[in-house]
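Input: a single structure, listed below in structure tokens.
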Amino acid sequence: MIEIELPDGSKLTFEKETSVKEIAGRIAKSLEKNAIGALFDGELIDIHTPITKSGKIRIITQKDSESLEILRHSAAHILAKAVKRLYGREKVKLGIGPATEEGFYYDFDLPVSISEEDLPEIEKEMENIVKAKEFFRREEITREKAKELFKDDPYKLELLESIPEDETVTIYWLGEDFFDLCRGPHVEHSGMVKAFKLLSVAGAYWRGDSRNKMLQRVYGTAFWKKKELDEYLTRLEEAKKRDHRVLGKQLDLFSIYEEAGPGLVFWHPNGAIIRREIEEWVEKEHERRGYQRIYTPHIMKADLWKISGHYDFYKENMFFVPVVEHDEEERLGNEEVPLTCEEIEKAHWYAVKPMNCPGHILIYKSQVRSYRDLPIRFFEFGTVHRYEKSGSLHGLLRVRGFTQDDGHIFCRPDQLKEEIQGVLDYVMELLTTFKLDYVMNIGTKPEKYIGTDEAWDHATEALIDALKERGFEYNIVEGDGAFYGPKIDIAVLDAIGRKWDGPTIQVDFNLPERFDLTYVDKDGQKKRPVMVHRAIMGSIERFIGLLIEHYAGLFPTWLAPTQVVVIPVSDRYLDYADEVYARLKEAKIRVRLDDESGKVGYKIRKAELMKIPYMLIVGEKEQQSGTVSVRSKREGNLGAMEISVFLDKILNEIKEKL
RNA sequence: GCUGGCGUGGCUCAGGUGGUAGAGCGGGUGACUCGUAAUCACCAGGUCGGGGGUUCAAGUCCCCCCGCCAGCACCA
């Protein structure tokens, strides 16, 4: 006897094994027809999976988001079958093909490489499978049979090995000539996968390990309705227009030069204004929150980085500078000669700082610290350089030289939680000021770590408590902490939904130890302070990159490089336009006068393209009445108003950071 | 770093099967004196990412390097 509990608490009983289809049929005929699968005791199953034990069930229809996962997973199988057909059943070795948040993919190992031009052909073959309405059929098999079936599929065999002994092995058929090792679930038949599209191809390491072979991954997405697919594709197109690399060029914000080096950012005047505004705000905020501003050098002796441990753990990512005693005579007129081995050996090595912590620590150590002094909070706009792998560079979001709003807190263990909360509050102030979407993750103790378990527990608890008390949602990512301590990372999303770490709070047991940091406690004993690394924005470059995408280039007025442009209707009104310009300039508004010849429409177009918040049109009428006609980038034409009225409006907007 | 794709004037992009480069925007000059996303005309800009090779001849074919894009890996 099997008892099935429905979400409303009611129960259905069955004599023997049943299925989602049967259960749905008991509830309503329409549900039987619409059921895509179900969540049974938390596990996603399809409508034909035999249910042999009692449990709680929630039937899934197209309305439930889980149904998309089932649909996309099925689309992945259709893709695999199509690729096998086109490229040869024997030649194509299958990797894995799961559904993802936005779609699905399948990894293939095959002798020829698939390019994007091949995608339409594959789609066509998929269409054929869809039209044929082939059924997905689940089959439970023994391990021995599985090994036999997949004897020519090395990747599947490997997967088979990793299925726990007590788990049932299942394969899914799609039609009569294709099967795949898979735990499901799937839709009933391929005809249900009507709205799909293949999007891209890229390499992906087998099992996500760079020591393994790289397979070819085909990405695609699928929806229940063609309309939803189209909407998704348009959304993707729109998102691409928000790309900070595109907008950075259009709005003349920053650039990166091949001849200067990849990942090294040049801030143009417009971008520099945005950066300065943010820096000034962040700096004041730090002062308000009890941080002391410091400055530290860009290069420091390599030996210092040996003490800190960076040399051992991070040198792959560091830039080094050899200081060589040149033999001037020999090198005269011959600067091109590279360093000789002897010179390199004799050189004194400096390292360009990849982080600011050692510098801050030296300042902490510059005097004896009392427990009364703690917490000590140092802050610096620290410009660091890291040799990031070439393939990971990405506009402003991943660079080789960047500036952190970096701070280090030195405190007593009993102050840790409060300090973390202080940082969290600050981070929230930032995120709400810019209205950014984010995800919070706690990284816990990794496999390789230093420090006592006790200290780890204390610190991890402090992080979790701090988050709980502030009522934040967070994920715990086991083992994602730094080797020196647990951390909270806050990821901000870019235009197309990729996550980038921004704000971070990291507890550190390592550096206080390595640098032998102490404070004198109440009892006169020397004790070890706890150190917290924290950045509010993270990297300013990344932060602004994300802001550009977030605002789609239309910055709030306080950040806009040009806040107002005055547009005279013709040269005749230049004098009056000048007067208006001067009034605004006087009020410290970033204003420009468009005194070039040309029609009003053209000048407005230029201002619109540069996404300038306000355009003030002045001509005969305005001159007569001492007003300006205001056109807002956001709200359109606002009509004429007194200059002072406009000034109040915009000054308030700037003050409120709207 | 890896797989695949791409790299033409400041920007965006055209340049079948190899025969020494085109457009629009932008820039400069002149005319127009103009009311809410592009006034007209003329002019100046490139040797085609860099290097090597094949060829009578390469932007166009081959090789190496650099850079960019997507994804993967990395991101204490």
Side-chain angles (χ1 to χ4, degrees), chain A residues 100 105 107 109 112-118 199-219 240 243 245-246 249-250 252 255-263 308-310 312-317 354-355 357 386-395 397-399 443 446 448-450 480-485 487 489 491 496 498 500-501 504 506 508 510-511 533 538-539 542 567-574 597-610 615-622 629-633 636-640:
Chain A
T100 62
Y105 65 79
D107 288 345
D109 183 4
V112 295
S113 56
I114 301 176
S115 81
E116 300 215 352
E117 282 102 72
D118 301 325
L199 299 169
S200 59
V201 227
Y205 297 109
W206 167 240
R207 299 204 132 184
D209 190 330
S210 59
R211 286 167 301 189
N212 289 339
K213 181 165 185 186
M214 184 164 264
L215 310 179
Q216 300 186 56
R217 176 172 295 180
V218 177
Y219 282 94
K240 279 184 190 156
D243 190 320
R245 294 163 300 186
V246 176
K249 212 170 267 180
Q250 278 169 13
D252 195 16
S255 53
I256 294 169
Y257 300 94
E258 190 175 339
E259 59 267 45
S308 71
H310 289 88
D312 289 331
F313 284 93
Y314 208 66
K315 68 166 170 292
E316 313 301 300
N317 290 287
M355 293 180 200
C357 12
R386 301 179 184 175
Y387 188 80
E388 302 287 356
K389 301 257 176 63
S390 60
S392 64
L393 299 176
H394 185 95
L397 301 184
R398 188 84 182 264
V399 292
K448 273 177 64 184
Y449 65 97
I450 69 125
D480 196 42
F483 76 91
Y484 53 70
K487 62 177 183 178
D489 275 331
I496 60 175
R498 290 176 292 211
W500 301 87
D501 280 339
T504 180
Q506 311 184 356
D508 188 342
N510 181 233
L511 290 176
H533 307 249
S539 135
R542 175 176 290 181
I567 300 177
V569 172
S570 85
D571 290 7
R572 261 205 276 282
Y573 313 105
L574 258 178
S597 72
K599 291 190 175 178
V600 176
Y602 181 63
K603 294 182 183 180
I604 285 174
R605 180 181 155 78
K606 281 192 295 181
E608 286 280 345
L609 289 175
M610 289 306 281
M615 290 151 266
L616 301 183
I617 291 99
V618 296
E620 186 67 32
K621 285 179 298 197
E622 290 77 11
S629 277
V630 181
R631 173 174 165 130
S632 152
K633 168 82 183 143
N637 193 347
L638 301 180

- Check: Asn317(A) main-chain N/O paired with Arg386(A) side-chain donor or acceptor under 3.5 Å: no
- Message: Taking pairing as Watson-Crick or G-U wobble with both contacts under 3.5 Å, can you name the mate of G10(B), or confirm there isn't one?
- Response: C25(B)
- Query: Applying a 3.5 Å limit to both distances, which nucleotide forms a Watson-Crick or G-U wobble pair with U20(B)?
  - Reply: none
- Item | Euclidean distance for C1', G46(B) against G22(B) (whole angstrom) | 11 Å
- Rounded to whole angstroms, how far apart are NE2 on His394(A) and P on C72(B)? 12 Å
- Task: Please work out if Arg245(A) contacts a base, only the sugar-phosphate, or nothing of the nucleic acid, heavy-atom cut-off 4.0 Å.
- Result: sugar-phosphate
- Task: Describe the nucleic acid contact of Tyr219(A) in one word from base, sugar-phosphate, nothing, applying a heavy-atom distance below 4.0 Å.
- Result: sugar-phosphate
- Among A70(B), G35(B), A73(B), which is the nearest nucleotide to the side chain of Ser200(A)? A70(B)
- Query: Quick one: does Lys389(A)'s side chain get under 4.5 Å of Glu316(A)'s, heavy atoms only?
  - Reply: no
- Item | Rounded distance in Å - CZ (Arg207(A)) to C1' (A73(B)) | 16 Å
- Which part of the nucleic acid, if any, lies within contact of Lys249(A), taking any heavy atom under 4.0 Å across all strands shown: a base, the sugar-phosphate backbone alone, or nothing? sugar-phosphate
- Message: Rounding to an integer number of Å, can you tell me how far Ile256(A) CD1 sits from C68(B) P?
- Response: 8 Å
- Query: Of the candidate nucleotides G35(B), A73(B), A37(B), which contains the atom at the shortest distance from the side chain of Val600(A)?
  - Reply: G35(B)
- From CD of Glu259(A) across to P of G67(B) the rounded distance in Å is 12 Å
- Task: Determine the contact category for Ser570(A): base if any of its heavy atoms lies under 4.0 Å from a base atom, sugar-phosphate if only primed atoms, P, OP1 or OP2 are that close, otherwise nothing.
- Result: base
- Looking for any heavy atom pair under 4.0 Å, which part of the strands does Glu316(A) touch: base, sugar-phosphate only, or nothing? nothing
- The nucleotide from G4(B), G71(B), C68(B) with an atom nearest the side chain of Pro262(A) is C68(B)
- Message: Between C13(B) and C48(B), how many Å separate the two C1' atoms, rounded to a whole number?
- Response: 14 Å
- Could you go step by step and tell me if Ser255(A) and Lys249(A) meet the side chain to side chain contact (heavy atoms under 4.5 Å, CB included) rule? CA-CA 7 Å; Ser255(A) 53; Lys249(A) 212 170 267 180; over 6 Å; no
- Message: Regarding Glu622(A), tell me which of base, sugar-phosphate or nothing describes its non-hydrogen contacts under 4.0 Å with the strands shown.
- Response: base
- Message: Between C65(B) and A70(B), how far apart are the two C1' atoms, rounded to whole Å?
- Response: 22 Å
- Task: Report the distance from atom OH of Tyr257(A) to atom P of C68(B), rounded to the nearest whole Å.
- Result: 14 Å
- Task: Remember a base hit wins even if backbone is also touched, and classify Met355(A) as base, sugar-phosphate or nothing at under 4.0 Å, heavy atoms.
- Result: base
- Item | Watson-Crick or G-U wobble mate for G30(B), both contacts under 3.5 Å | C40(B)
- Can you find a pair of side-chain heavy atoms, one from Tyr573(A) and one from Glu622(A), that are under 4.5 Å apart? no
- Base paired to U3(B) (Watson-Crick or G-U; both N/O distances under 3.5 angstrom): A70(B)
- Message: Say we look at G16(B) and G7(B): how far apart would their P atoms be, to the nearest angstrom?
- Response: 13 Å
- Query: Picking from A70(B), U36(B), C34(B), which would you name as closest to the side chain of Arg572(A)?
  - Reply: C34(B)
- Query: For Ile114(A) and A70(B), what is the distance between atoms CD1 and C1' respectively, to the nearest whole Å?
  - Reply: 15 Å
- Arg498(A) near the nucleic acid: base, sugar-phosphate alone, or nothing, with a heavy-atom cut-off under 4.0 Å? sugar-phosphate
- Please determine if Arg572(A) and Glu620(A) form a salt bridge, counting it only when a charged side-chain N lies under 4.0 Å from a carboxylate O. no
- Message: Syn or anti for G45(B)? Use the chi torsion, O4'-C1'-N9-C4 for purines and O4'-C1'-N1-C2 for pyrimidines, with syn inside 90° of 0.
- Response: syn
- May I ask you to say what Ser390(A) touches in the nucleic acid, namely base, sugar-phosphate or nothing, with a heavy-atom cut-off under 4.0 Å? base
- Message: How many whole angstroms separate atom CG of Asn212(A) from atom C1' of C74(B)?
- Response: 15 Å
- Under 3.5 Å: donor-acceptor pair, side chain of Gln216(A), backbone of Ile114(A): yes
- Heavy atoms under 4.0 Å, any strand shown: does Lys633(A) hit a base, just sugar-phosphate, or nothing? base
- Message: Suppose you measure atom P in C63(B) against the same atom in U3(B); what distance do you get, rounded to whole Å?
- Response: 15 Å
- Message: Each nucleotide in nucleotides 39-52 of chain B should get exactly one letter: B, S or -. Can you fill that in based on protein heavy atoms under 4.0 Å?
- Response: S-------------
- Item | Ser115(A) vs Phe483(A), nearer the 5' end of RNA chain B by closest nucleotide | Ser115(A)
- Task: Would you kindly give the CG-to-P distance between Asp107(A) and U3(B), to the nearest whole Å?
- Result: 16 Å
- Message: Pick the closest RNA chain B nucleotide for Arg542(A) and for Lys389(A) by heavy atoms, then say which residue is nearer the 5' end.
- Response: Lys389(A)
- Task: Determine the Euclidean distance between corresponding P atoms of U55(B) and G15(B); express it in Å to zero decimal places.
- Result: 29 Å
- So which nucleotide from A37(B), G71(B), C74(B) ends up closest to the side chain of Arg398(A)? C74(B)
- Query: Mind checking whether Asp501(A) and Arg542(A) have side chains closer than 4.5 Å, heavy atoms only?
  - Reply: yes
- Task: Once you apply the 3.5 Å cut-off to both distances, tell me the Watson-Crick or G-U wobble partner of U54(B), or none.
- Result: none
- Task: Look at all strands and tell whether Arg631(A) reaches a base, only sugar-phosphate, or nothing, counting heavy atoms closer than 4.0 Å.
- Result: base
- For side chain to side chain contact (heavy atoms under 4.5 Å, CB included), just list the numbers for Glu116(A) and Val201(A), CA-CA rounded to whole Å, side-chain angles, deciding distance to a tenth of an Å, and then say yes or no. CA-CA 6 Å; Glu116(A) 300 215 352; Val201(A) 227; 3.8 Å; yes
- Message: One thing to verify: whether Arg211(A) and Asp209(A) come together as a salt bridge, which I'm taking to mean a side-chain N less than 4.0 angstrom from a carboxylate O.
- Response: yes
- Message: Using the C1' atom as the point on both nucleotides, what is the distance between G53(B) and U17(B), in whole Å?
- Response: 22 Å
- Message: Has Asp118(A) got a side-chain atom pairing as donor or acceptor with Ser115(A)'s backbone, closer than 3.5 angstrom?
- Response: yes
- Task: Would you please classify the geometry between the His394(A) ring and the Trp500(A) ring as parallel, tilted or perpendicular, with 30° and 60° separating the classes?
- Result: tilted
- Query: When the P atoms of U54(B) and C62(B) are considered, how many whole Å apart are they?
  - Reply: 15 Å
